[in-house]
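Computation of the quantities below employed the complete heavy-atom set of this structure, encompassing side-chain atoms and omitting hydrogens, waters and symmetry-equivalent molecules. Below, chain A is the first sequence line, B the second, and so on; all start at residue 1. The structure displayed is predicted, hence computed values, not measured ones.
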Number of protein chains: 2
Amino acid sequence: MPDESPNPPQPRGSYAKGVARRQEILDRAIEVFAQRGSDRTSMRAIAKEVGVTHAALAHYFGSLEELLVEVYRESERQGGARPPVNPEETPVEMMRRSAEVNREVVGLVQLYSTLVATALEDGHPAAHEFATTRFAGLRQDLAARVRLNQQAGRIRADLDPEAIAALVIAASDGLQTQWLLDSDAPQDAALLLLEQLLSRP
Amino acid sequence: MPDESPNPPQPRGSYAKGVARRQEILDRAIEVFAQRGSDRTSMRAIAKEVGVTHAALAHYFGSLEELLVEVYRESERQGGARPPVNPEETPVEMMRRSAEVNREVVGLVQLYSTLVATALEDGHPAAHEFATTRFAGLRQDLAARVRLNQQAGRIRADLDPEAIAALVIAASDGLQTQWLLDSDAPQDAALLLLEQLLSRP
DNA sequence: GTCTATACGTCGATAGAC
DNA sequence: GTCTATCGACGTATAGAC
């Protein structure tokens, strides 16, 4: 796209107001989702809670799917502003902390499950992009942590970091699901078991 | 449930035809889901593929949710008619076989993910009942297998069978998801890793 | 650019005809 | 037992007010 004007065309006029409004909507939507689940989440219902019309949501987010993805992304971003993370923290410890936080915001976990399930179907590019990127990034991050821990002697050095990363993420997600369906399911016990299995003997 | 009449009241009139028709619909629906994913799955679309109207589906299954649950249940039942299972088969081996089969019927795995995600939300009794029962039953079955394997010396005897069962199920589900999103994800490697971790040293 | 009003087609569910 | 007809709610798209 040649011939770009030296004055970028976007932030002209009341553009700033738009991004602020968009942020307002996202913040409010996160509260709504965290409280009551991701059920009853039509554009009209969300719009009513936020205080706009459903057409306004379409204006800012394009589609319901993109809105849901943005809500979850933003909630992760805000949740990520937690105490600075020790990079040598064990991957399982990291997931256990995450699971603990998630128990307080069940609606966001429901939203996450919905997004992942949607991503598996064809014809949902926004959800697919979100899930693919998230899993690939998480696997990479966790694999790096595994290597650090292996060097520090806290994780068995004979195990493949990539496989460990995928396994820890899968266990974390799957146990979260089982726990949401049955709070007697041994979520933390199973994560501790995995931690023990990975530990250097 | 006392006082059952010797002549059960249900199969009166052309009831037998009804169950046959219902079975026909289920069989056809399973084919449809196995082929193309669980997307495009409105009652009207399914009805068209099956050759009836959407009102007929509602007559037999009550709601879309119940139809989806029944389709998956029936597909599991039919898939369960596979080679008799060695009860001492290791839990991870069992899940690896299952994963192998599932790769051929991606649409049914998509349907499963949708059902589980739906079950996490409020106000979906059929999906919730399905998922709760399935996980509880699977955990029980796998825990029993773990105990057998522990006695046979194939799984470390110092580990909690219930926690192992939950962990194996979670890993299996979660890795399936990651693999569907990215066929480079180390699904089998991670399951083999888990097998190795659980093995008696 | 921001946002409302409105309309379109499809959805799950249901009632009633046959 | 299966259909047609109809209902309210949905996601999306667009025209135009400001």
Point to revise | Pairing of A/Glu100 and A/Arg97 as salt bridge, 4.0 angstrom limit | key: no
Point to revise | Out of C/dT2, D/dA13, D/dT2, whichever nucleotide has its closest atom nearest the side chain of A/Lys17 | key: C/dT2
Exercise for review: Return the set of residues passing side-chain contact (heavy atoms from CB on, under 4.5 Å) with A/Ser75 (not counting sequence neighbours), or none when no residue passes.
Suggested key: A/Ile30, A/Tyr72, A/Leu108
Check your understanding: Do the side-chain N or O atoms of A/Arg22 get closer than 4.0 angstrom to the phosphate oxygens (OP1, OP2) of C/dT2?
Key -> no
Point to revise | Nearest-Å distance for atom pair OH/P, residues B/Tyr60 and C/dT14 | key: 18 Å
Check your understanding: Considering only C/dA15, C/dA5, C/dG12, which nucleotide approaches the side chain of A/Thr53 most closely?
Key -> C/dA5
Review point. With sequence neighbours excluded, what pairs up with B/Gln35 under the side chain to side chain donor-acceptor pair (under 3.5 Å) test?
Key: none
Review point. Under a 4.0 Å N-O cut-off, is there an ion pair linking B/Glu195 with B/Arg200?
Key: no
Exercise for review: With the side chain of A/Val52 defined as its heavy atoms from C-beta on, choose the nearest nucleotide among C/dT4, C/dT6, D/dC3.
Suggested key: C/dT4
**Study point:** By side chain to side chain donor-acceptor pair (under 3.5 Å) - contacts of A/Glu74 (at least two apart)
**Key:** A/Gln23, A/Arg77, A/Gln78
Under 3.5 Å, side-chain donor or acceptor atoms of residues 163-176 of chain A against the rest of the protein: list the pairs with distances, not counting sequence neighbours.
from: A/Asp173; atom 1: OD2; to: A/Tyr112; atom 2: OH; distance (Å): 2.7

**Study point:** Out of C/dT4, C/dT2, D/dC3, whichever nucleotide has its closest atom nearest the side chain of A/His59
**Key:** C/dT2
With a cut-off of 3.5 Å and sequence neighbours excluded, list every side-chain donor-acceptor pair involving residues 41-56 of chain B.
from: B/Thr41; atom 1: OG1; to: B/Ser38; atom 2: O; distance (Å): 2.7
from: B/Ser42; atom 1: OG; to: B/Ala45; atom 2: N; distance (Å): 3.0
from: B/Glu49; atom 1: OE2; to: B/Arg36; atom 2: NH1; distance (Å): 2.5

Practice item. Give me the residues of residues 61-72 of chain A where at least one heavy atom lies under 4.0 Å from an atom of DNA chain D, by number, or none. Key: A/Ser63, A/Leu64
Point to revise | Set of side chain to side chain donor-acceptor pair (under 3.5 Å) partners for B/Asp160, sequence neighbours left out | key: none
Practice item. May I ask you to say what B/Ala56 touches in the nucleic acid, namely base, sugar-phosphate or nothing, with a heavy-atom cut-off under 4.0 Å? Key: sugar-phosphate
Check your understanding: Residues from residues 43-50 of chain A sitting under 4.0 Å of DNA chain D, heavy atoms only?
Key -> A/Met43, A/Arg44
Point to revise | Nucleotide of C/dA15, C/dT6, D/dG11 approaching A/His54 most closely (side-chain heavy atoms) | key: C/dT6
Check your understanding: Which salt bridge (Lys or Arg N to Asp or Glu O under 4.0 Å) pairs, counting each pair once, include a residue from residues 138-149 of chain B, with sequence neighbours left out?
Key -> A/Asp182-B/Arg139, B/Asp141-B/Arg145, B/Arg147-B/Glu162
Check your understanding: Taking only residues two or more places apart in sequence or in another chain, which ones pass side-chain contact (heavy atoms from CB on, under 4.5 Å) with B/Arg96?
Key -> B/Val92, B/Asp188, B/Leu191, B/Leu192
Revision key, fill the gap. Among D/dC10, D/dA13, D/dC3, the one nearest any side-chain atom of A/Ser42 is D/dC10
Study note, to complete from the structure: Sorted by chain and number, sequence neighbours left out, side chain to side chain donor-acceptor pair (under 3.5 Å) with B/Glu66 holds for B/Ser63
Heteroatom pairs (N/O) under 3.5 angstrom, protein to nucleotides 16-18 of chain D:
none

